[in-house]
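Only one structure is covered here, and it is reproduced in the block below.
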Amino acid sequence: MDFINLKKQYLEIKDEVDSSITAVLSHGKYIMGPEVELLENELKKYVDSKYSISCSSGTDALLMALLAIDVKPGDAIITTPFTFIATAEVVSLLGATPVFVDIDSKTFNIDPDLIELKINEIHSKTNLNIKAIIPVNIFGLPCDYDKIKSLSKKYNIEIIEDAAQSFGAQYNSQKSCSLSNLSCTSFFPAKPLGCYGDGGAIFTNDPDLNEKLCSIRVHGKGNHKYDNINIGINGRLDTIQAAVLIEKLKIFNDEIEQRQAVAKKYNDYLKDYFDLQYIPKDYKSAWAQFCLLAEDSLSREKIINYLSDKNIPTAIYYPKPLHMQEAFSKLLNVDLDNSFNITEDISSRIFSIPMHPYLSDDEIGQICTALIKVKNEL
Ligand SMILES: *Cc1c(COP(=O)(O)O)cnc(C)c1O
C-alpha cells in the first residue's frame, strides 16, 4: 500500500501529461516558456486572486514574500512551531527573528487567542519590530483568518499565508491562497497539487507587490535583464513543471472532492476510537494529511509498528517542533517564553495514515480495521 499514490494519478492522465511535456521539449522554451503564464492565469482564476507569481518552490515563495515586504534583522515574524522547517527557516535566513505561538489542541493550527498575548510580550520584553504573521494551514486546514486579520489591522502587521499544504482548501467561501494579501503555496510532488519536481506560487491582489515579486523572482531585475533594482533570487518555475501542473489542475477539483470522501470515511470509522483533527464549520481542508492522536508516544509506537506489520505505511508530521530544533537553538529571542506545551504534546502523539484521492474502499477498510484492532488491544 502507498502512503501517497502518485503513480495511479499519473496513469489517469498519462496521455495529457506526456503530450504536454513533449510540447515543451519541442518548442524548447525551458525557462519562462508560454506554459508558465498559462498556468499562472489558471491558478489565479482557481483561487480568485488578481495576481499569481509561480516560482521554484514553496520555500522560495515564502522567501520571496518576506523579501517583498523588506524583512530584515530586528524584525520579528510570528508563526507556529508546529510546521515544516521552511516556514521559519526563511525568516532566519534573512536575519529576522522567528517568534513562535503555541497551537490549538484540536485544529493543530496557531492558536489565534495566544497571538495577541505574544504581541504584547514582544513589545514589553524586546526591541523587535513585529513585521508579519505567517499562519500555516496545517495538513490542509485553514487557520482562523477573521481573528488573525483583525490583529493584523490593530497592530499593523502583515499576514503571509503559508498555504503549502492547503491549495484547494476553503475558509467560508474563500479559497486558500486568497486569505491574505500575500499567500504562498508549494507544488512539491506530495502536496495536494504537486508537480514532478519542485515548484511553488505566490498570490496577491496588490499590483505593487506583484511587480516587486516578478522582479525578485529574476534576481531583482528592472526593465531589462541586466538592470537590477532589487536583491532577488533565481526563483523561476521550470516550464516543464508548469506544463505538468496545467494538466493536473484540470482534474484537481475532482481530486479535492475525492479527498473529502476519503476523509469522511476515515472519520466515520475512527471517530469513536481516536481524536482526529477538528475541522470547524465552514472550513474545508485540502487533506494534505489525515492525522490521528494516540494516547501517548509509546502507544503511538505500538500502533505504527502494528500497521507496518500489516504493510500499512504511516508517517509522523512533525516529531520535533521547530522551537526544539538545533538549528533554532541560537536564533530564538531568549527574553521571550519559548515553551509550547500543546505543540510538544501533539508532536509526541500524532501520526498520519495514507491519504490521497485514489484510496479504494478496500484499502480504507483495511487501514481502519487494523487501527481499531490495535487500539482495542492496547
Ligand atoms: C512543504 C512546505 C513548505 C515548503 O515547500 P517546498 O516546496 O518543499 O519548498 C513550506 N511550508 C509548509 C507548511 C510545507 O508543508
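Both ligands and their constituent atoms are indexed starting at 1 by order of listing. None of these values were measured; they are calculated from a predicted model.
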Pairs under 3.5 Å, N/O atoms on ligand 1 and on the protein: can you put them in a table with the distances?
unit_1: ligand 1; atom_1: 5 (O); unit_2: S186; atom_2: OG; d: 3.4
unit_1: ligand 1; atom_1: 7 (O); unit_2: G58; atom_2: N; d: 2.8
unit_1: ligand 1; atom_1: 7 (O); unit_2: S186; atom_2: OG; d: 2.6
unit_1: ligand 1; atom_1: 9 (O); unit_2: G58; atom_2: N; d: 3.4
unit_1: ligand 1; atom_1: 9 (O); unit_2: T59; atom_2: N; d: 2.8
unit_1: ligand 1; atom_1: 9 (O); unit_2: T59; atom_2: OG1; d: 2.5
unit_1: ligand 1; atom_1: 11 (N); unit_2: D162; atom_2: OD1; d: 3.3
unit_1: ligand 1; atom_1: 11 (N); unit_2: D162; atom_2: OD2; d: 2.9
unit_1: ligand 1; atom_1: 15 (O); unit_2: Q165; atom_2: NE2; d: 2.8
unit_1: ligand 1; atom_1: 15 (O); unit_2: K191; atom_2: NZ; d: 2.6

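- A cation-pi contact links K375 to F274, judged by a cut-off of 6.0 Å to the six-membered ring centre and 45° from its axis.
- Taking the six-membered ring where the residue is Trp, the centroids of F167 and Y46 are separated by under 6.0 Å.
- Two rings, from F82 and Y317, have their centers 6.0 Å or more apart.
- Qualifying salt bridge (charged side-chain N to carboxylate O under 4.0 Å, His left out) partners for R217, counting only residues two or more places apart in sequence or in other chains: E40.
- Here the rule is side-chain contact (heavy atoms from CB on, under 4.5 Å) with Y306, and of V374, L371, I312, T314 only V374 fits it.
- A salt bridge is defined here as a Lys NZ or Arg NE, NH1 or NH2 lying under 4.0 Å from an Asp or Glu carboxylate O, and D111 with K147 fails to meet this definition.
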